[in-house]
Protein chains: 2
Amino acid sequence: MQDPTFLILLALSDRPRHGYGILLEAKELSGGTIRIGPGTLYGALERLEEAGHIELDREEIEDGRPRRYYRLTRRGRGVLVEETQRRDALVGLAKQRLAHR
Amino acid sequence: MQDPTFLILLALSDRPRHGYGILLEAKELSGGTIRIGPGTLYGALERLEEAGHIELDREEIEDGRPRRYYRLTRRGRGVLVEETQRRDALVGLAKQRLAHR
DNA sequence: TTCGATATATCGTTGACCGATATATCTCGC
DNA sequence: GCGAGATATATCGGTCAACGATATATCGAA
């Protein structure tokens, strides 16, 4: 799993969000350093839904503009936790290695 | 930068290694969980050399088999350190986020 | 009325990654 | 002496996530 997908799952970890909201949250989360474009987002959303990691929470029409909210599935949360542990282990390894000099 | 490339740089962080040695070190480092295939390795080596992140250290012929040793450049080490910090920040964020529940 | 933000969607391209395959030599066990 | 597996480098083609560009539509602010 690459960074954009990881960030999308992470953005959904506290509550359901719609696509654009995920974009904003990912930007906010990363302190503005990571930006996900729409081309990345909607493709990833489709893949994640097909994989059963996220699902449609609800669909709203607000001010004539549709908003499609997604939420993490239980499985999606599990995947996110595992991925976080995997990444944590790798980073820990790197820090340990780079400290020896 | 994706995991395989990150691991290759990390494997070279303590001393020069030849291609196959990088494969073994990456496997060792990750506790056997991450495996880099030759198709990934040699392509990545070429890219990293072109980017100036690694360079040829020496070439040996041992037992009739060639061994091509690569080493991190100063720039490559810098990139590795930055990438580690970037990954660390992201993982820290994820852990913090997942702890709230 | 023009711009930027909000909101979703598609399209084509790129490029890292990956499995498979190839070649060649050495060592170990039988 | 022979085969298997480890050592070592290399290429090739396919896949797929990511990405930039573009499109559509609405709203509020300047």
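Protein chains get the first letters and strands the later ones, always in sequence-line order, with residue 1 at the start of each. Just so it is clear, the structure is predicted and the values come from calculations on it, not from any experiment. Atoms considered below: every heavy atom in the structure, side chains included; atoms not considered: hydrogens, waters and symmetry mates.
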Residues clustering with A:Y69 (ILVMFWY side chains joined when closer than 4.5 Å, directly or via others) | none
Return each pair, listed once, that meets salt bridge (charged side-chain N to carboxylate O under 4.0 Å, His left out) where at least one residue sits in residues 4-15 of chain A; pairs must be two or more places apart or across chains.
-> A:D14-A:R17, A:D14-B:R97
Are any side-chain N or O atoms of A:T5 and backbone N or O atoms of A:M1, one a donor and one an acceptor, separated by less than 3.5 Å?
-> no
Starting from C1' on D:dC16, measure out to CD on A:E50 and report it in whole angstrom.
-> 13 Å
Whole Å only: how far is the CD atom of A:E28 from the C1' atom of C:dA5?
-> 16 Å
For A:F6 and D:dA18, what is the distance between atoms CZ and P respectively, to the nearest whole Å?
-> 13 Å
note: B:Q2, atom CD; D:dT15, atom P; distance rounded to Å ~ 18 Å
Side-chain cluster (under 4.5 Å, hydrophobic types only) that A:V91 belongs to, other residues | B:V91
Atom CD of A:E46 and atom P of D:dA17: how far apart are they, to the nearest Å?
-> 11 Å
All N/O pairs under 3.5 Å across the protein-nucleotides 19-26 of chain D interface:
from: D:dT26; atom 1: O3'; to: A:D63; atom 2: O; distance (Å): 3.2

Rounded to whole angstroms, how far apart are CG on B:L23 and P on D:dA6?
-> 14 Å
Quiz: residues 32-51 of chain B side-chain donor-acceptor pairs under 3.5 angstrom, not counting sequence neighbours:
from: B:T33; atom 1: OG1; to: B:S30; atom 2: O; distance (Å): 2.8

Report the distance from atom CD of B:E60 to atom C1' of C:dT25, rounded to the nearest whole Å.
-> 16 Å
Just jot down the salt bridge (charged side-chain N to carboxylate O under 4.0 Å, His left out) partners of B:E60, sequence neighbours excluded, or say none.
-> B:R58
Find which nucleotide of DNA chain D each of B:E62 and A:T5 is nearest to by heavy atoms, and output the residue with the more 5' nucleotide.
-> B:E62
Return the value, rounded to whole Å, for the distance between atom CG of B:L41 and atom C1' of D:dC12.
-> 16 Å
Kindly say if B:R47 contacts the phosphate of C:dA16, meaning a side-chain N or O under 4.0 Å from OP1 or OP2.
-> yes
